[in-house]
There are 2 protein chains.
Amino acid sequence: MLAILPPPTNTFCNLPAEKRERILAVAVEEFAANGYQKASLNNVVKRSGIAKGSLYQYFENKEGLFFHIFECFTDLVKAAANAALAQAAKDDFFVQLEAIVWAGIRFIDTHPDYFQIYLRVVFEQDVPRREELVSRVRLFPLEYMGPLCEAGQRAGAIRDDIDPAMAVFLVDAALERFLQAYAKPYLDSGLRLKEKNERQLRDAVVTMIDVLRAGLVPQG
Amino acid sequence: MLAILPPPTNTFCNLPAEKRERILAVAVEEFAANGYQKASLNNVVKRSGIAKGSLYQYFENKEGLFFHIFECFTDLVKAAANAALAQAAKDDFFVQLEAIVWAGIRFIDTHPDYFQIYLRVVFEQDVPRREELVSRVRLFPLEYMGPLCEAGQRAGAIRDDIDPAMAVFLVDAALERFLQAYAKPYLDSGLRLKEKNERQLRDAVVTMIDVLRAGLVPQG
DNA sequence: CCATAATATGACCACCTGGTCATATTATGC
DNA sequence: GCATAATATGACCAGGTGGTCATATTATGG
């Protein structure tokens with residue numbers, strides 16, 4: 001189903017971990033700060049202390065480097081999401097949503113640059129094979145949420161007079177936007193998430209889930 | 001409050017309307033298709049049939065051209081929003097939301113390139129004075145929605161046990177994301193908005209507003 | 001210790017960018 | 001019809017890009 005992205009060369013994989021991770025970290029920073037087009041490989045080699053030619057022995061070209069970074073990102077996301085859901089597996093649908101939000105918050109805290117790259121991939125048009133990349137990371141939560149919503153409808157936890165796709169859409173919109181707002185304060189419509197302490201942040205998450213529940217629960 | 005963006009020169013303003021609009025249209029297309037950085041002025045002059053030097057007699061530089069385009073965009077948005085809200089002024093809060101959504105849908109239908117540029121400005125980092133530009137167009141609906149939500153709470157139409165900023169945030173998230181999904185199908189989480197006919201689209205809007213209302217209305 | 005293979009290097013390339021400016025063309029007012 | 005000002009033009013520039021490649025360095029294993 002998913003096409004293969006050109007992998008890094010063996011030369012790169014066999015590099016000492018320290019060097020490999022240094023190059024990766026610098027490249028992630030560069031792409032996060034400048035986007036795909038404006039990111040400069042000259043900068044990457046300069047700042048990671050390797051020669052231009054070496055970079056081209058590690059990756060086929062600029063795309064190859066970028067795809068490798070995105071592959072690392074999807075691996076991190078899937079690991080985080082699976083861990084969160086495993087813990088909340090037996091809980092209510094809306095409790096699971098809460099777990100996903102928290103996994104997202106923690107992810108942004110620990111990997112802000114990766115999240116920035118993700119946002120760029122989603123909203124910029126000049127990233128190579130963008131739609132394929134986006135679907136790689138978005139298909140996962142969506143395919144998970146779809147069946148969950150339908151099950152919720154059958155079980156009477158979610159009103160059955162609306163298109164299940166609409167339920168998925170609204171939940172996805174709220175969650176994704178909440179994380180965007182957490183990562184990019186100018187998107188938070190005055191919520192000021194980044195200024196909140198742990199407890200206030202928890203309240204905000206609870207409120208959001210609560211409104212979603214009230215909106216999606218069968219209406220009297 | 002708002003800083004002044006460098007305007008086009010008189011020379012540009014005095015141009016025959018046909019020529020002026022041709023240049024503007026080509027530039028809008030170029031920025032929409034490629035984003036600020038990758039957009040090529042060489043392309044703009046080639047495709048609009050003017051000389052490179054002429055462009056620099058019309059605008060100070062690349063930024064000047066871009067700011068002018070964004071100014072045109074905000075003018076269009078404000079006109080559309082004001083028209084929509086004027087018609088729904090006496091209606092219920094949620095009816096007004098519906099009017100705003102429809103104004104957005106119509107805007108995207110008539111000005112897809114402008115909307116694409118807006119998305120880029122919001123989500124790209126390498127646009128000059130981005131936050132200022134974003135606030136120019138986002139402050140408007142947000143400042144409008146804030147008081148409206150608070151009034152709704154006082155009047156008992158919206159539950160008063162939640163932070164009004166959270167109400168604004170959720171409404172804004174749903175509406176903005178709905179329009180993003182309409183403009184960029186790969187963001188629609190399977191809703192397939194672009195494949196819907198007028199009637200189905202209307203149903204989707206009504207459902208979304210309905211869920212928002214149920215979520216925000218005072219809870220029994 | 002040496003031959004061979006793997007890796008590292010940075011000068012170099014063609015290309016494209018935003019921006020300039022001397023010159024040519026056109027419009028204006030007398 | 002002429003002088004002057006306004007506008008139009010495109011060759012040209014410095015700077016940066018992704019990408020290449022002949023050469024230098026290091027590792028390997030016999």
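Naming convention: chains lettered A, B, ... in sequence-line order (proteins, then strands); numbering from 1 in each chain.
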Out of curiosity, E21(B) CD to S48(B) OG, how far, rounded to the nearest 0.5 Å?
-> 13.5 Å
Step by step, would you call Y118(B) with Q180(B) a side-chain hydrogen bond (donor to acceptor under 3.5 Å, both in side chains)?
-> CA-CA 10 Å; Y118(B) 164 70; Q180(B) 287 175 12; over 6 Å; no
Which pairs pass salt bridge (Lys or Arg N to Asp or Glu O under 4.0 Å) with one or both residues in residues 60-73 of chain A, sequence neighbours excluded?
-> E71(A)-R136(A)
What distance do F178(B) atom CZ and I100(B) atom CD1 have between them, rounded to the nearest 0.5 Å?
-> 14.0 Å
Output, in order, the C-alpha distance, side-chain angles, deciding distance and verdict of side-chain contact (heavy atoms from CB on, under 4.5 Å) for L15(A) and Y58(A).
-> CA-CA 9 Å; L15(A) 241 38; Y58(A) 303 151; 3.6 Å; yes
Sorted by number, residues from residues 8-23 of chain A placing a heavy atom under 4.0 Å from DNA chain C are T11(A), L15(A), K19(A)
Is T207(B) reaching over with its side chain to a backbone N or O of D203(B), donor-acceptor style, under 3.5 angstrom?
-> yes
When you look at F12(B) and L65(B), which way does the side-chain contact (heavy atoms from CB on, under 4.5 Å) test go after all the steps?
-> CA-CA 11 Å; F12(B) 179 73; L65(B) 171 57; over 6 Å; no
Can you sort out the partners of D113(A) under salt bridge (Lys or Arg N to Asp or Glu O under 4.0 Å), two or more places apart, ordered by chain and number?
-> none
Using atom types as modelled and distance alone, determine if a side-chain donor or acceptor of R120(B) lies under 3.5 Å from a backbone N or O of F123(A).
-> no
So, do E176(A) and R138(A) sit near enough that their side-chain heavy atoms are less than 4.5 Å apart?
-> yes
Anything under 4.0 Å to a heavy atom of chain B counts; send over the first and last such nucleotide of DNA chain D, read 5' to 3'.
-> dT7(D) to dG10(D)
State yes or no: are the ring centers of F70(A) and F67(A) separated by less than 6.0 Å?
-> no
What does the list of N/O pairs under 3.5 Å between the protein and nucleotides 12-18 of chain C look like, with a distance for each?
{"from": "dT17(C)", "atom 1": "OP1", "to": "S40(B)", "atom 2": "OG", "distance (Å)": "3.1"}
{"from": "dT17(C)", "atom 1": "OP2", "to": "N42(B)", "atom 2": "ND2", "distance (Å)": "3.0"}
{"from": "dG18(C)", "atom 1": "OP1", "to": "A39(B)", "atom 2": "O", "distance (Å)": "2.7"}
{"from": "dG18(C)", "atom 1": "OP1", "to": "K62(B)", "atom 2": "NZ", "distance (Å)": "2.7"}
{"from": "dG18(C)", "atom 1": "OP2", "to": "L41(B)", "atom 2": "N", "distance (Å)": "2.9"}
{"from": "dG18(C)", "atom 1": "N7", "to": "K52(B)", "atom 2": "NZ", "distance (Å)": "3.4"}

Parsed dot-bracket for DNA chain D after applying the Watson-Crick and G-U rules with both distances under 3.5 Å and | for other-strand partners is ||.||||||||||||||||||||||||.||
Quick one: are the ring centres of F73(A) and F66(A) less than 6.0 Å apart?
-> no
Between Q57(A) and Q57(B), name the one whose nearest nucleotide on DNA chain D is closer to the 5' end.
-> Q57(B)
